[in-house]
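First up is the structure itself, then whatever we jot down about it.
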Amino acid sequence: MTHVSIIGSGNMGQAIAAVVAKGGNTVELFNSTDKDKEVTGELVILATPYPAYQQIVADRAEQLAGKVVVDISNPLNFETFDSLVVPADGSAAAELAEQLPDSTVLKAFNTNFAATVASGTAGEVPTTVLIAGDDAEAKALLAGIVSAGGLKAVDAGSLKRARELEAIGFLQLTLAVGEKTPWTGGFGLA
């Protein structure tokens, strides 16, 4: 059993928490008012928008040291919805890994909508969580939690693949905002 901390109690945080608990793991949710509450999970999922990461790192870098930290963000320009706000050769996950050198950073869940995580399906295919990272044990830990919770987990490669995952997440979000795909759908692996 793994103890998981989720920073972000919005729809995505709650959907992931339900998957974690369904798999028999313990979970604690944090919201923005929980700044004095210590993060105790061995795996920490940042279920907040990308702009919140700077404050999370400033407030909790020491608490995140030695832990697996999962970045689920899509670093897009929320004003225009027309671009990512990280360098073309980088990613939010790479930036986070640089800011948290004593943590193991993974990229996952950013290509999923909260509704597909909660339901376990994206359209008519099982919800697939793509996981990128440089630590095989950390990826296996997260994949085990995801699988035990009823979702499909796929190793998407090294943390360098976070850039492509963020591009897929960006495309999926813009399609949903433009009502070209439903929030209960998205990309899946059949």
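One hydrophobic cluster, built from ILVMFWY side chains closer than 4.5 Å, holds both V39 and V69. Cluster annotation: V4 and M12 are assigned to the same hydrophobic cluster (Ile/Leu/Val/Met/Phe/Trp/Tyr, side-chain heavy-atom contacts under 4.5 Å, transitive). Two different hydrophobic clusters hold V70 and V105 under the rule that ILVMFWY side chains link at heavy-atom gaps under 4.5 Å. Each of L159 and L165 belongs to its own hydrophobic cluster when Ile, Leu, Val, Met, Phe, Trp and Tyr are linked at side-chain heavy-atom distances under 4.5 angstrom.
Note that the CG atom of L142 and the OG1 atom of T104 stand 12.0 Å from one another [nearest 0.5 Å]. From E98, atom CD reaches atom CG of L100 across 10.5 Å, with rounding to the nearest 0.5 Å. Atom CD of E137 and atom CG of L141 lie 9.5 Å apart (nearest 0.5 Å). Atom CZ of R163 and atom CD1 of I168 lie 11.5 Å apart (nearest 0.5 Å). Taking CZ of R161 as the reference point, atom OG of S91 lies at 10.0 Å (rounded to 0.5 Å).
Using modelled atom types, one side-chain atom of N25 and one backbone atom of T2 make a donor-acceptor pair closer than 3.5 Å. Judged by distance alone, the side chain of E166 and the main-chain N or O of A92 form a donor-acceptor pair under 3.5 Å. Side-chain N or O atoms of Q63 include none that pairs as donor or acceptor with a backbone N or O of T40 at under 3.5 Å. In this structure a side-chain-to-backbone donor-acceptor pair under 3.5 Å is present from Q14 to S9. With hydrogens and angles ignored, the 3.5 Å screen pairs a side-chain donor or acceptor of T127 with a backbone N or O of T121. Proximity of a side-chain donor or acceptor of K107 to a complementary backbone N or O of S73 within less than 3.5 Å is detected. Judged by distance alone, the side chain of N31 and the main-chain N or O of G8 form no donor-acceptor pair under 3.5 Å. Checked by atom type and distance alone, the side chain of Q172 never pairs as donor or acceptor with a backbone atom of G186 at under 3.5 Å. Between the side chain of N77 and the backbone N or O of L84, no donor-acceptor pair lies under 3.5 Å. Using modelled atom types, one side-chain atom of S103 and one backbone atom of L64 make a donor-acceptor pair closer than 3.5 Å.
Within the 4.5 Å cutoff, no side-chain heavy atoms of S5 are placed close to those of K67. The side-chain heavy atoms of E28 and H3, taken from C-beta on, include a pair separated by under 4.5 Å. At a threshold of 4.5 Å between non-hydrogen side-chain atoms, the residues V57 and L96 count as touching. Contact of the L76 side chain with the V85 side chain is not registered, since no non-hydrogen atoms from C-beta on lie closer than 4.5 Å. I7 is listed as a side-chain neighbour of V44, based on a closest heavy-atom distance under 4.5 Å. Contact annotation: the side chain of V117 approaches that of F109 to within less than 4.5 Å [non-hydrogen atoms, C-beta and beyond].
Pairing each heavy atom of F170 with each of F81, the nearest pair is CE1-O, 3.8 Å. Residue L29 comes nearest to G13 through the heavy atom pair CD2-O, 3.8 Å, listed as atom of the first residue, atom of the second, then distance. Across all non-hydrogen atoms, the minimal contact from A153 to S147 is CB-OG, 4.0 Å. Counting all heavy atoms, side chain and backbone alike, F113 lies closest to L173 at CE2-CD2, 3.7 Å. The minimum heavy-atom distance linking A108 with I131 is given by the pair CB-CG1, 4.1 Å. Between S158 and A132, the shortest heavy-atom contact is O-CB, 3.4 Å.
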Assess the residue pair Y53 and D71 against the criterion (side-chain hydrogen bond (donor to acceptor under 3.5 Å, both in side chains)); give the C-alpha distance rounded to whole Å, side-chain angles, the decisive distance to 0.1 Å, and a yes or no. CA-CA 9 Å; Y53 281 19; D71 165 24; 2.6 Å; yes
Would L151 and V146 count as a side-chain contact (heavy atoms from CB on, under 4.5 Å) if you check the C-alpha gap in whole Å, the side-chain angles of each, and the deciding distance to 0.1 Å? CA-CA 6 Å; L151 306 181; V146 166; 3.6 Å; yes
side-chain contact (heavy atoms from CB on, under 4.5 Å), that's the test. Do T26 and M1 meet it? Break it down for me. CA-CA 7 Å; T26 60; M1 179 168 58; 3.6 Å; yes
Please test L171 against T174 for side-chain contact (heavy atoms from CB on, under 4.5 Å), starting from the C-alpha separation and ending with a verdict. CA-CA 5 Å; L171 176 61; T174 58; 4.2 Å; yes
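Within 6.0 Å of the CD atom in Q54, the count of heavy atoms belonging to other residues, nucleotides or ligands does not exceed 12. Residue-environment remark: CG (N11) stays at or below the threshold of 12 foreign heavy atoms within 6.0 Å.
Of the options L106, L46, I6, I45, a side-chain contact (heavy atoms from CB on, under 4.5 Å) to I72 is made by I45 and by none of the others. Screening T111, L175, N112, T128 for a side-chain contact (heavy atoms from CB on, under 4.5 Å) with F187, the sole residue that qualifies is L175.
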